[in-house]
Amino acid sequence: DQQVKQNSPSLSVQEGRISILNCDYTNSMFDYFLWYKKYPAEGPTFLISISSIKDKNEDGRFTVFLNKSAKHLSLHIVPSQPGDSAVYFCAARGTSYDKVIFGPGTSLSVIP
Amino acid sequence: DVKVTQSSRYLVKRTGEKVFLECVQDMDHENMFWYRQDPGLGLRLIYFSYDVKMKEKGDIPEGYSVSREKKERFSLILESASTNQTSMYLCASSLLVRQGLFFGSGTQLSVL
């Protein structure tokens with residue numbers, strides 16, 4: 001049973017507009033959430049993280065929002081650029097040590 | 001910059017062969033991880049290690065074992081490769097989860 005879910009396999013957005021990627025989780029004991037970006041034939045690269053005691057974290061064009069009561073987080077990219085086209089993974093730290101669990105990913109296409 | 005190096009980018013093996021995937025990190029990180037990435041399934045955790053000679057099973061450890069004799073090196077072993085182990089294998093290391101996991105470029109393993 002997947003503990004981290006990304007229900008949209010793909011998303012298309014016009015260049016310059018906002019991209020919103022969503023993630024849901026089932027385990028209320030997760031205490032840290034992370035977003036990764038992955039290009040084909042490369043390893044994932046870390047984008048941004050958020051602690052469960054916060055509801056928002058911002059880094060440049062990237063903002064992550066956390067709604068603990070809904071067990072939902074989202075990544076906002078503003079403005080979207082063609083170079084943002086990649087697969088985005090949501091991840092959460094589990095309850096033991098630093099075990100990190102990933103969702104299935106959302107493929108983002110930013111159209112020029 | 002953190003560097004996580006996986007010994008091979010592409011590997012082709014026969015069913016029943018013993019396969020070793022090697023991973024080395026150069027930042028003295030405590031935690032190291034092995035994931036496999038499959039279409040539609042995202043990254044699934046096979047094993048992780050939080051210290052030398054310490055290991056914990058991830059979500060899909062069956063058919064795999066690991067070895068961590070030195071802090072910088074984490075090896076994934078397929079005791080008897082099978083075709084359903086054809087996948088992209090990704091190694092990662094981390095010091096603090098909030099700083100993210102640092103991934104290698106991946107090894108695309110094909111088992112024929």
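Numbers restart at 1 for each chain; the letters A, B, ... are given by sequence-line order, proteins then strands. These values consider heavy atoms only, across backbone and side chains, with no hydrogens, waters or symmetry-generated copies.
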Under 6.0 Å from the CG atom of Leu112(B), do we count more than 12 heavy atoms belonging to anything else shown?
yes
Give the member of Arg9(B), Glu30(B), Arg44(B) that has the highest number of heavy-atom pairs under 4.5 Å with chain A.
Arg9(B)
Please tell me whether Tyr47(B) and Phe102(B) are part of a single hydrophobic cluster in this structure, the criterion being side-chain heavy atoms less than 4.5 Å apart.
no
Using the rule that Ile, Leu, Val, Met, Phe, Trp and Tyr join whenever any side-chain heavy atoms are under 4.5 Å apart, tell me whether Ile101(A) and Val64(A) fall into a single cluster.
yes
Under the ring pair (Phe, Tyr, Trp, His ring centres under 6.0 Å) test, which residues partner Phe102(A), sequence neighbours left out?
Tyr36(A), Tyr35(B), Phe103(B)
For Ala41(A), is it the side chain, the backbone, both or neither that has a heavy atom under 4.5 Å from a heavy atom of chain B?
both
Heavy-atom closest pair, residues Gly40(B) and Pro104(A):
O-CB, 3.7 Å
Any link between Met32(B) and Val24(B) through a network of hydrophobic side chains (Ile, Leu, Val, Met, Phe, Trp, Tyr) touching at under 4.5 Å?
no
Return the minimal non-hydrogen interatomic distance between Val100(A) and Leu45(B), and the atom names on each side.
O-CD2, 4.2 Å
Applying a strict 4.5 Å limit to non-hydrogen atoms, the region of Leu90(B) in contact with chain A is side chain
Name the region of Pro44(A), side chain, backbone, both or neither, that has any atom closer than 4.5 Å to a heavy atom of chain B.
both
